[in-house]
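Everything on this sheet refers to the single structure shown next.
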Amino acid sequence: MNIDLLSFTLLALASFRLTRLIVFDKITEFLRDPFFDEIEEENEDGTMEVYYLPKATPIKKFIGELLSCYWCTGVWVSAAMVIGYLLLPFVFVPIILVFAVAGLAAILESIVQLWI
């Protein structure tokens, strides 16, 4: 196994972005919905807070807990990225490149937002 610094950096950025996409982003909410119950509670100031709890059935609970944990999902996404990169580079390299660019763009946007 030989992963140079550039490949490692691209894999890291791609894993970061894909993990955030799965765990947090609105566009993939439909993937998470079957595994969570949505609970709304009113705060002291009158605003509504939404909490997501994993469903009670064993398989849905397991997947819900996995999807609610950024670190857990990140490990599996990273493993899939590295295995794909090593076994099927002609398929995974373009995917990794797209997610790496998106990941770097997200990081840069966060930095810019801090300055504004």
Side-chain angles (χ1 to χ4, degrees):
M1 174 170 62
N2 187 14
I3 297 178
D4 58 17
L5 183 59
L6 176 61
S7 297
F8 179 82
T9 303
L10 292 175
L11 283 163
L13 287 167
S15 296
F16 160 74
R17 186 63 198 109
L18 185 56
T19 300
R20 288 201 57 86
L21 180 70
I22 292 169
V23 175
F24 297 116
D25 288 357
K26 184 108 175 127
I27 195 170
T28 55
E29 197 170 79
F30 73 96
L31 294 174
R32 297 185 301 271
D33 280 346
F35 307 104
F36 292 100
D37 288 321
E38 191 174 292
I39 297 173
E40 290 186 20
E41 289 183 5
E42 189 173 345
N43 284 342
E44 298 165 356
D45 62 359
T47 60
M48 296 299 288
E49 286 275 338
V50 178
Y51 299 96
Y52 296 96
L53 296 175
K55 295 206 181 234
T57 59
I59 292 175
K60 286 186 176 184
K61 182 177 181 174
F62 173 76
I63 295 172
E65 287 177 358
L66 175 68
L67 290 174
S68 67
C69 173
Y70 182 80
W71 298 105
C72 303
T73 304
V75 168
W76 292 107
V77 166
S78 298
M81 287 283 188
V82 170
I83 290 168
Y85 173 77
L86 293 174
L87 297 180
L88 297 167
F90 57 93
V91 173
F92 275 80
V93 167
I95 295 168
I96 289 167
L97 185 58
V98 167
F99 279 109
V101 169
L104 182 58
I107 291 168
L108 291 173
E109 178 61 28
S110 296
I111 292 168
V112 168
Q113 287 299 319
L114 288 173
W115 287 338
I116 294 178

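Residues I3 and L18 share a hydrophobic cluster, clusters being chains of Ile/Leu/Val/Met/Phe/Trp/Tyr side chains in contact below 4.5 Å. Cluster annotation: V77 and L97 are assigned to the same hydrophobic cluster (Ile/Leu/Val/Met/Phe/Trp/Tyr, side-chain heavy-atom contacts under 4.5 Å, transitive). In terms of hydrophobic clustering, with Ile, Leu, Val, Met, Phe, Trp and Tyr side chains grouped at heavy-atom distances under 4.5 Å, F35 and L31 are assigned to different clusters. There is no path of hydrophobic side-chain contacts, each under 4.5 Å, that joins I39 to Y52.
The side-chain contact (heavy atoms from CB on, under 4.5 Å) search around E44 returns none, not counting sequence neighbours. Residues meeting the side-chain hydrogen bond (donor to acceptor under 3.5 Å, both in side chains) test with D45, sequence neighbours left out: T47. Checked against side-chain contact (heavy atoms from CB on, under 4.5 Å), L5 has the following partners two or more places apart in sequence or in another chain: T9.
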What pairs of donor and acceptor atoms, side-chain ones from residues 54-61 against any protein atom, are under 3.5 angstrom apart with sequence neighbours left out?
| unit_1 | atom_1 | unit_2 | atom_2 | d |
| --- | --- | --- | --- | --- |
| K55 | NZ | D37 | OD1 | 3.3 |

Per-pair distances, 0.1 Å, donor-acceptor, side chain in residues 78-90, under 3.5 Å, sequence neighbours excluded:
| unit_1 | atom_1 | unit_2 | atom_2 | d |
| --- | --- | --- | --- | --- |
| S78 | OG | G74 | O | 2.7 |
| Y85 | OH | S7 | OG | 2.9 |

Less than 3.5 Å apart, which donor and acceptor atoms pair up between the side chains of residues 99-116 and the rest of the protein, not counting sequence neighbours?
| unit_1 | atom_1 | unit_2 | atom_2 | d |
| --- | --- | --- | --- | --- |
| E109 | OE2 | Q113 | NE2 | 2.6 |
| S110 | OG | A106 | O | 3.1 |

Return all side-chain donor-acceptor pairs below 3.5 angstrom for residues 64-72, not counting sequence neighbours, or 'none' if the list is empty.
| unit_1 | atom_1 | unit_2 | atom_2 | d |
| --- | --- | --- | --- | --- |
| S68 | OG | G64 | O | 3.2 |
| S68 | OG | E65 | O | 3.0 |

Show which side-chain atoms of residues 20-30 pair as donor or acceptor with protein atoms under 3.5 Å away, not counting sequence neighbours.
| unit_1 | atom_1 | unit_2 | atom_2 | d |
| --- | --- | --- | --- | --- |
| D25 | OD2 | R17 | NH1 | 3.2 |
| D25 | OD2 | R17 | NH2 | 2.5 |
| T28 | OG1 | L21 | O | 2.3 |
| T28 | OG1 | D25 | O | 3.2 |
| T28 | OG1 | R32 | NH1 | 2.9 |

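Using a 4.5 Å cut-off between side-chain heavy atoms of Ile, Leu, Val, Met, Phe, Trp and Tyr, M48 forms no hydrophobic cluster with any other residue.
Judged as a side-chain hydrogen bond (donor to acceptor under 3.5 Å, both in side chains), not a single pair has a partner in residues 90-105 (not counting sequence neighbours). Pairs passing the side-chain hydrogen bond (donor to acceptor under 3.5 Å, both in side chains) check and including a residue from residues 86-98, sequence neighbours excluded, do not occur.
Evaluated for a side chain to side chain contact (heavy atoms under 4.5 Å, CB included) with I96, the options V91, L13, L11 yield exactly one hit, L11.
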